Amino acid sequence: MAYLELKGIQKHFGPVHTIRGIDLAIQQGEFIVFVGPSGCGKSTLLRLIAGLETITDGSLMLDGRDITDAPSSKRDLAMVFQSYALYPHMSVFENMSFALKLAKADPAVIRDKVERAARILNLTPYLQRTPKELSGGQRQRVAIGRAIVRSPKVFLFDEPLSNLDAALRGQTRVEIARLHRELGATTIYVTHDQVEAMTLADRVVVLRDGRIEQVGTPLELYDKPANQFVAQFIGTPQMNVVPASQVPQLEDVCGLPVPPAGFVGLRPESVTIVPAGQGPFNGRVELLEALGAETLIYLSTEGGAQLVSRQATRTLLQVGQTVGVAIDADAAHLFDAQGRVTRHGAAAPVKVAA
Amino acid sequence: MAYLELKGIQKHFGPVHTIRGIDLAIQQGEFIVFVGPSGCGKSTLLRLIAGLETITDGSLMLDGRDITDAPSSKRDLAMVFQSYALYPHMSVFENMSFALKLAKADPAVIRDKVERAARILNLTPYLQRTPKELSGGQRQRVAIGRAIVRSPKVFLFDEPLSNLDAALRGQTRVEIARLHRELGATTIYVTHDQVEAMTLADRVVVLRDGRIEQVGTPLELYDKPANQFVAQFIGTPQMNVVPASQVPQLEDVCGLPVPPAGFVGLRPESVTIVPAGQGPFNGRVELLEALGAETLIYLSTEGGAQLVSRQATRTLLQVGQTVGVAIDADAAHLFDAQGRVTRHGAAAPVKVAA
Amino acid sequence: ATELVVATVNNGHMIEMQKLGKNFEAANPDIKLKWVVLEEGVLRQRVTTDIATKGGQFDVMTIGMYETPIWGKKGWLKELKPDAAYDVDDVLPAIRNGLSVDGKLYAAPFYGESSMLMYRTDLATKAGIKFADRPTWDQVRDAAAKMHDPANGVYGICLRGKPGWGDNMAFITTMVNAFGGQWFDLSWKPQLESKAWKDAVTLYVDMLKKYGPPGSSANSFNEILALYNEGKCGMWVDASIAASFVSDPKQSKVADKVDFVQAPSAVTDKGANWLWAWALAIPNSAKNPDAAQKFINWATSKDYIKLVAKEEGWAAVPTGTRKSTYLTREFRQAAKFAAAEQRAMLSANPNDATLPKSPYVGVQFAAIPEFASIGIAVGQQMSAALAGKATVDEALKASQVAADREMRKAGYYK
Amino acid sequence: MNRLLPRALMAPAVATLFLWMIVPLAMTLYFSVIRFNLMQPEATGFIGLQNFEFFVTDPSFTASVLNTLWLLGSVIVITVVLGTGLALLIDAPFPGRGLVRVLLISPFFVMPTVNALLWKHMMMNPIYGVLAQVWKFFGAEPVDWLTQWPLLSVIIMISWQWLPFATLIFMTALQSLNREQLEAARMDGATYLQQLRYMVLPHLARSMAVVIMIEMIFLISVFAEIYTTTGGGPGDASTNVAFLIYKQALMSFDAGVASAGALFAVLLANVAAIFLIRLIGKNLD
Amino acid sequence: MARPTPFPTALVLRTIAAWLVTLLLFFPLGWLVLTAFKTEMQAIHVPPLLVFEPTLENFTTVNERSDYLLYAKNSVITSVISTLLGLAIAAPAAYSMAFFRSPRTRDILMWMLSTKMMPAVGALVPIYVLAQKASLLDTHLSLIIVFTMSNLPIMVWMLYSHFKDIPSEILEAARMDGATLWQEARLVLLPLGMGGLASTGLLCLVLSWNEAFWSLNLSSSNAGTLATLIASYSSPEGLFWAKLSAASLLAIAPIVVFGWFSQKQLVQGLTFGAVK
Ligand SMILES: Nc1ncnc2c1ncn2[C@@H]1O[C@H](COP(=O)(O)OP(=O)(O)OP(=O)(O)O)[C@@H](O)[C@H]1O
Ligand SMILES: Nc1ncnc2c1ncn2[C@@H]1O[C@H](COP(=O)(O)OP(=O)(O)OP(=O)(O)O)[C@@H](O)[C@H]1O
Ligand SMILES: [Mg+2]
Ligand SMILES: [Mg+2]
């Protein structure tokens, strides 16, 4: 039986219907990541699980117990709020030790745990400051610290790393993974960061408009999106999805079974630049983005399609230049007019080295 | 002459010395990105420029005028606060139109501009809501909207996209770039996102502990970091920087002039996996991260060095497996014991296609 | 011990009684006194609410001549049965009458007062005025005109103007009485538009407007006392108790320059000066009526008066209750107002206070329950006239309407 | 979240207040339709709406309603406007702020009777009052406040007493104004006045609503000050509904008419409250 | 070297303005204090005396005439208990309304306030009769009940308004940290809502302290508060200002002193930096 079970959860804010029926079963110790566009209901869902909002309809089971109406303080969850929600009148140390103090932990243990968390989060020099004397990222780290000093049944993280620099983010992500391994606590994690979603999740839940679009392991979602929305949402830069009519070459040349009025989905790495005229069709370079290790090339094709190509090298191309566009037809996903997938492209090649 | 000039700016918060002497000259219309670790003083610097904090020492010139003590309202800057600072009693529309209303703009013009900004930011359905009825990302978008409806002399963005999903973030980033092109307003932009920094900036300013570490174009910083800090800060995943002693092969085999007690810096893409024994040295796979399009392989070498390798393919490797590690010695950066660069590696290869 | 709760007014005499209470306690060790001392208006509300709802909070109540006959008739008060030593016949007859119903005494007078005219001898001499023992209002008006000297901060005459049946109406009623008026005729019809009222009120308003101090419509006893003690008033017609204050050098700047005559008359001197007594009574709901009777016997006795005299001197004794007080030589010597006061007290008769026959008891009030609200309503009209917000005719007309309304509601006539 | 919790927390307040309201209300309703004079309790019996009729046909009735509204309106306006100003003035630190705060709120500590006596005698007396002396000092004719401006005088006294209340509440409320919002407004080019208009005042809106409603409730039943100073006069120039009821209840002891008057006052208060809540109610949540 | 700060013109102006207004508003009260130390004759002197030889005579008189301490004790007992009791009942209600949104909140608030719409005089007879039937006349309990009930709506309103300014997420965070309702109230709500609680408490204390109507009518010799003491000094016969001032000063002194000490608490807990 599932550890945490959401059954037909609905939430109305007055006239606004935010969560429109969520069914989800989470196993004990699982690491679940919620992703979805801004405003799709991720935070609301976390808050419902936490018991901070009343559930309009549906029920919530934790460990076999119906907790739909249980008070938050009795649920034994730890949460990192998207807005931090620090205690403004307490120092960082007090913020982080508050839960332990309430649980009547031994002061020495508290001290120990808090100092450990502070070290992990690079907060040691700030333990005596109050929240208003901290930078945005420091505040966010305090919010994380407040959760991770505890050993709750379930962790709820709401975009916990959004305000951290890349290095710290990587480091903290690793710590969260380690914490999860060590405590084995069921974790629900909201993020907009693809890397976090891909690396942390046992399963990723893709939400849209208060409904679940797809649930699966990260690579399942990447390789086998259930529909155009998921396909475009997972992976960055986005998968190119263009009306099949704009790239008739795909059907004509490669013989792909494109559905009528359907769409073709191509990951940026499946689109490569060749000298003009050498690919199945030509395109014009609209924009170049050099990211250091790789380069994104924005193209508009003769058929009117907008495509992004990604290459692991620098380029000498100029905006406005005409280039040939080659496509890895094997990797193309096909969607019908309603956006449902009709064919999954082949996954990225596997390097067999070593 | 520079448009916005910071001369020896210092800031103390009581005993805390946050900004420790910043000299920076920004040209009119430039797009400057501030990056740096959390807590290094980015927001404080923006707030000093905005006139929201008094400058402890140093002076600030805008367009030839000393504005060190000018009130914020007279500086004609627009700012997106890291914490949003929305007006809680106003609807989204009112929040966004406030500045224009104060400037006595024509109501029709206001309506027009706000609606345009709302469209860009996907906020149109929420114009009549108040901030507390919005999701985190929606709030952040309102904060952006509040700034971009104006045409100020200088834009100040403090991590404006941190709470947006990847798709929206990409889209908004493009809009900000377009806005910058169209208005030609000088822009200072704080971000932790490498892609934003690389794609938006004319010049990137790397801060650490209230001091400037390096200023340059994105690729300059990527290719020619002045020191180990910048090298590691720019690029994700981080550049591998290991004590030269842990990879003696570099000096021995490739003949690189490694300084005594120095460090070697290698970008993850310069580290490749080959069958065991075939590279200059072997390593053990510690962790595998499949990000969809690419895979990160965390290795520990025989010499004790921790390396990350990045490859654009999936892998069949297993954690614990021993593999050979090949290194692109040309691309290696070398640092002396103090972290100063002594040799820049070659930049990524250029694809000459088309 | 029995706890005896005594509700009383915070006038000087009662405060003295409170102080001397320990003598009573010493003599009656089984009785302990508890005091509730309140300002007059508040006390009246308190005791009325309590007695009407049979609250039983008080054993002894201090009430006035207005309430006693009303409450006595309703049987709310215990009849007082003082012992022989008390010498009921020593009590001034007018007072005793006012506190009795059908010959039964319902409250024992603690002190009584009348009203008189106080004037400044120095100003009078300067203006060449000599007051008769009972001057007429015309004379008073002329005197006021002569004494009036606002440039030097002296106003010819100070009179009550603050609305209230015990405030401006107490005074105005005596003035109306002197002009031959009355509140109600024998069929209980209000007489407020009669000539007597018009004449009296016209003179009152005229005189105060011309020769009175500013702010008269908010003045009552206290306010005027302050003015008078500061030497701001040439004349003042008010309660005789004032005499002891204005001639007390500790609080008055003009203590040695005051003299007293009877309240002015006009058409008649019947009812020209009022009669009031604060008296002690036992409500029917009292918890300790016997102890209460004991206390009243003590507090209103001759011995009590002597006790005060012994402690504070004869000038400070409660007056206006017993003939014997005025017969005491020491008192006559100590209080230079004694004679004037005694005459005033003797001349007032609550049962026959108006020139035409009246159906009610009381000099400056009519002892019927409805009077309070009528008095208040009329008092307000008078203050409006005084402040110039209405003419005298308008004010009297409105008063007549208000009084008529009340009487009709109470069912005196249809 | 436990759905019962919010109700359980509210229950004691609601239950006790309900009792506190319903019992006197029921009794008052009963008294209002019977003949009931404390001085004549034996004359009783059902008389329908006569008490109401008697109350509303009182010659002072119209004036008293108008005076009540005037008093209500002016004191509320004065205290809210000045209170806001004062709260803003002492919001930022300056030497002696602590003392200033204490002195400013002190008038609220004065009992209403004392307040009235203080103003009547020591301040507004046309002969020896301090104001008269000030007027004289400037060579002006002293104002006879209570006679010439009776209602205004009462308004001044009551405003003096309630101003600290408003100031105190606004003062505390101002402290919770988020500094960053003001900064954002400054960045948007708002001048000090515009910050006041668009940030500070809206932030104070809820407190203002609270102050206005509470003051309304208190002011509609003010009578001690009137009783002590003008006695409702001259004429009915300073009689308000509460004083009219007071006269019926405790000067004429007609509990029946007073009850009718009290019910009328409840009605009046409700009308005022509904009007005000229309005006400011949305600021409450 | 830090840059020299410019001359703080604004600060000087603010200081002067604030002090001017304050002295002006405080003047009547200050005058009362002065008068308390005058003799009755000095009190009504024309022109008013600013310089005089202070006397304690009035205080002596007040003390002789009435048992000041008894009244003060009654005042303290009734107002403190009723304020605490009121806070205890009002705070949960205000908390509930401020942090658990309900469409009926506004109606309940209005209804609560409406219980105060009945003029006190109108309710006098019913309450008096009830108190008498319950043998509560002249007891502390009756006054405490009346004070508590008549202040309750105001307390709820004020606390509601103050609590509303606290971001609910901070309380939610405490709940997530496992705080029970009581811990949440004590450790988070109390420090953050201190200003509101203090000003509400202070105001209600003052209102109870100054309440004259009910204390006059429901108490006599045992439970009378300082407000009833005052009523015995505004005498209709005899001069009274200096004594009245002295009595008033004695009556308000405890509460003013208390106000001075509690004014530091009037600072609302700042929530800056707590939430985005
Ligand atoms: N009011 C203050 N008092 C004391 N120290 C402060 C105050 N405000 C900020 N600081 C400190 O100054 C440093 C710089 O803060 P700042 O907000 O500029 O950082 P930042 O670069 O914006 O960081 P982040 O990326 O986390 O937002 C931080 O270490 C912070 O703790
Ligand atoms: N109190 C409220 N009243 C009305 N609508 C609300 C309220 N709170 C949230 N919403 C709406 O519910 C939707 C879901 O909000 P939620 O905060 O769960 O989004 P989210 O997925 O967390 O978004 P983000 O990534 O931007 O944080 C949003 O469209 C938001 O506008
Ligand atoms: Mg969210
Ligand atoms: Mg920052």
Side-chain angles (χ1 to χ4, degrees), chain B residues 43-44 46-54 70-91 94-105 110 114 130-133 139 142-158 188, chain D residues 1 6 80-81 83-84 87-89 91-95 166 169-213 276-285:
Chain B
S43 300
T44 308
L46 282 203
R47 291 172 55 82
L48 290 173
I49 294 173
L52 299 174
E53 305 272 1
T54 50
S72 313
S73 50
K74 293 277 173 313
R75 296 189 185 194
D76 195 13
L77 317 174
M79 173 152 167
V80 178
F81 286 71
Q82 190 171 9
S83 59
Y84 317 156
L86 302 182
Y87 309 131
H89 54 286
M90 297 186 189
S91 69
E94 288 164 339
N95 262 281
M96 288 170 55
S97 59
F98 186 61
L100 296 176
K101 203 170 108 191
L102 292 185
K104 304 223 173 10
I110 295 183
V114 171
T130 55
K132 71 168 190 295
E133 298 166 326
R139 285 182 204 172
V142 177
I144 302 172
R146 208 166 52 177
I148 66 173
V149 293
R150 298 176 51 194
S151 321
K153 284 193 185 136
V154 179
F155 274 116
L156 305 172
F157 291 100
D158 200 347
I188 303 181
Chain D
M1 174 175 46
V80 168
V81 170
T84 312
L88 285 171
L89 192 61
D91 185 45
F94 60 86
I169 294 194
F170 295 153
M171 194 176 84
T172 13
L174 268 186
Q175 287 163 346
S176 60
L177 175 58
N178 187 339
R179 211 180 60 206
E180 280 201 333
Q181 278 160 34
L182 282 185
E183 290 175 346
R186 255 187 282 155
M187 296 298 301
D188 274 349
T191 60
Y192 180 73
L193 283 182
Q194 285 170 324
Q195 287 172 44
L196 271 190
R197 160 81 183 75
Y198 294 108
M199 299 293 125
V200 179
L201 293 186
H203 174 76
L204 287 181
R206 188 180 320 116
S207 311
M208 284 187 187
V210 168
V211 166
I212 290 174
M213 294 308 291
L276 287 176
I277 211 85
R278 278 265 166 84
L279 217 62
I280 56 178
K282 67 171 190 305
N283 297 320
L284 279 177
D285 31 40

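Predicted model, so just to flag it, every value in this text is computed and none were measured. Chain A is the first sequence line, chain B the second, and so forth, proteins listed ahead of strands; every chain is numbered from 1.
Using a 4.5 Å cut-off between heavy atoms, D/A185 contacts chain B through both its backbone and its side chain.
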Would you list the atom pairs in which one atom of chain D and one of chain B form a donor-acceptor pair under 3.5 Å?
from   : atom 1 : to     : atom 2 : distance (Å)
D/E180 : OE1    : B/S83  : OG     : 2.1
D/E180 : OE2    : B/S83  : OG     : 3.3
D/E183 : OE1    : B/R47  : NH1    : 2.8
D/E183 : OE1    : B/R47  : NH2    : 3.2
D/E183 : OE2    : B/R47  : NH2    : 2.7
D/A184 : O      : B/Y87  : OH     : 3.3
D/A185 : N      : B/Y87  : OH     : 3.2
D/M187 : O      : B/R150 : NH1    : 2.8
D/D188 : OD1    : B/R150 : NH1    : 3.4
D/D188 : OD2    : B/Y87  : OH     : 2.8
D/Y198 : O      : B/H89  : NE2    : 2.7

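By the side chain to side chain contact (heavy atoms under 4.5 Å, CB included) test, B/A105 is found to be paired with B/L100, B/I110, residues two or more places apart in sequence or in another chain being considered.
In plain terms, the two heavy atoms of B/F98 and D/A190 that are nearest each other are CE2-CB, 4.4 Å.
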